[in-house]
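Read through the structure below, which is laid out as structure tokens, and then see the notes.
Labels below follow one simple rule: chain letters A, B, ... track the order of the sequence lines, proteins then strands, and each chain is numbered from 1.
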Number of protein chains: 2
Amino acid sequence: MKPSTCQKNCQNALRVADQLCQGRGVRLTPQRRQVLEILCDHHKPMGAYDILDLLKSELPAAKPPTVYRALEFLLEQGLVHRLESLNAYVSCIHPEHPHASQFLICRDCGEVRELESRSVDRTLDSALKACGFAADSQVIEVTGRCLRCTERDPS
Amino acid sequence: MKPSTCQKNCQNALRVADQLCQGRGVRLTPQRRQVLEILCDHHKPMGAYDILDLLKSELPAAKPPTVYRALEFLLEQGLVHRLESLNAYVSCIHPEHPHASQFLICRDCGEVRELESRSVDRTLDSALKACGFAADSQVIEVTGRCLRCTERDPS
DNA sequence: AATTGTTATGTTATCACATAACATAACAAA
DNA sequence: TTTGTTATGTTATGTGATAACATAACAATT
């Protein structure tokens with residue numbers, strides 16, 4: 001994807017976020033929007049303190065709680081995801097519909113892809129049902145090499 | 001499970017660990033064994049510093065690296081698992097054969113169960129294959145309420 | 001038994017991630 | 001304009017993990 005296209009996607013993602021929040025009657029304040037923008041611009045997993053460093057260039061008074069509060073809001077609204085195995089955060093590709101999170105994390109290029117496999121979802125659900133476990137959240141994170149990196153350097 | 005039975009299982013788990021390590025030509029040193037014993041005794045997710053506190057009663061000089069080194073070894077040998085969504089560690093039920101980790105974590109009683117669903121495994125594998133992703137590790141962690149807790153208090 | 005390479009442990013300091021607690025400010029509804 | 005609520009500012013600290021370097025234990029030789 002060309003930089004210009006990516007820029008465009010980011011702008012678009014922010015517009016979608018604006019609309020979603022407006023529709024839900026919640027406030028995407030400037031700080032929250034800035035944090036989301038940072039995550040959208042990179043679209044790589046970023047640690048809270050990485051975000052903080054970038055945020056400081058726009059908001060020098062920013063401190064850890066500033067970032068964590070924004071992240072808390074964005075997570076609640078499904079606009080970003082948390083990657084448990086990296087202690088990191090990434091913006092959501094399509095926040096307009098909720099989905100169980102399934103992530104493929106490339107250890108070479110750092111790209112994070114959302115798998116969204118309905119069949120994985122269904123299979124896991126039925127396994128949970130079979131043993132009487134009432135799930136309220138699930139984490140699926142696979143680390144490895146993405147197709148592009150494998151093709152670039154098949155080793 | 002009665003305490004006596006649990007005790008027995010713990011002793012058994014340690015013996016199995018001894019044998020596995022001997023067979024592999026690696027050393028289950030006293031420190032490593034003590035950490036494993038602590039995890040087996042509880043068989044709940046425990047943080048590294050929880051383990052450290054208990055370890056100190058036997059080994060007062062223990063410090064964070066003491067625990068983390070033991071955990072590193074035990075993880076390598078498949079004797080314990082790390083729960084990414086809790087930053088915690090738990091002893092493995094059957095270390096004798098390797099398996100992709102799939103955990104059910106009860107938020108009420110804290111029990112951790114290994115799901116080991118072959119169908120989930122297969123479904124995920126084929127989804128990964130379909131998009132050309134070469135996995136080298138995977139995390140599946142489901143948080144919710146176990147059957148026992150649901151039956152005890154259906155709310 | 002002495003040498004030597006390797007693996008394990010001891011020790012200090014510090015990094016990285018996250019939140020508690022309390023004060024102030026902005027907002028929105030009456 | 002008051003009042004309740006939500007958001008932000010600020011300080012400090014809690015929690016999880018590792019870097020870096022020194023020493024000790026072990027195991028395989030000669």
Measure [atom1]/[X] against [atom2]/[N] and give the value in whole Å, please.
X: Leu75(B); N: dG16(D); atom1: CG; atom2: C1'; value: 14 Å
X: Leu83(A); N: dA18(C); atom1: CG; atom2: C1'; value: 17 Å
X: Leu86(A); N: dA18(C); atom1: CG; atom2: C1'; value: 16 Å
X: Arg69(B); N: dA22(D); atom1: CZ; atom2: P; value: 14 Å
X: Asn87(A); N: dT19(C); atom1: CG; atom2: P; value: 10 Å
X: Leu71(B); N: dA8(C); atom1: CG; atom2: C1'; value: 15 Å

Quiz item: Between Ala88(A) and Ala61(B), who's closer to the 5' end of DNA chain C by nearest nucleotide?
Solution: Ala61(B)

Quiz item: Among residues 25-59 of chain A, which residues get a heavy atom nearer than 4.0 Å to DNA chain C?
Solution: Arg27(A), Tyr49(A)

Quiz prompt | Nearest listed nucleotide, side chain of Lys63(B), among dT12(C), dT18(D), dA20(D) | solution = dT12(C)

Quiz item: Closest to the Pro64(B) side chain: dA19(D), dC22(C), dA17(D)?
Solution: dA17(D)

Quiz item: Would you say Glu96(A) has more than 12 foreign heavy atoms packed within less than 6.0 Å of its CD?
Solution: yes

Quiz item: To the nearest 0.5 Å, what is the distance between CG (Leu115(B)) and CD1 (Ile140(B))?
Solution: 8.0 Å

Self-check item: Same apolar cluster (I L V M F W Y, side chains within < 4.5 Å links), Phe73(A)/Leu14(A)
Solution: yes

Quiz item: Is the shortest heavy-atom distance from the side chain of Glu114(B) to the side chain of Phe103(B) under 4.5 Å?
Solution: yes

Quiz item: Reckon Tyr68(A) has a side-chain N or O less than 4.0 Å from the OP1 or OP2 of dG14(D)?
Solution: no

Practice problem: Respond yes when some side-chain nitrogen or oxygen of Arg82(B) is under 4.0 Å from OP1 or OP2 of dA17(D), and no when none is. | Solution: yes

Quiz item: Does Asp108(B) pair with Arg148(B) as a salt bridge, N-O distance under 4.0 Å?
Solution: no

Quiz item: Is Asp125(B) salt-bridged to Arg122(B), going by a charged N under 4.0 Å from an acidic O?
Solution: no

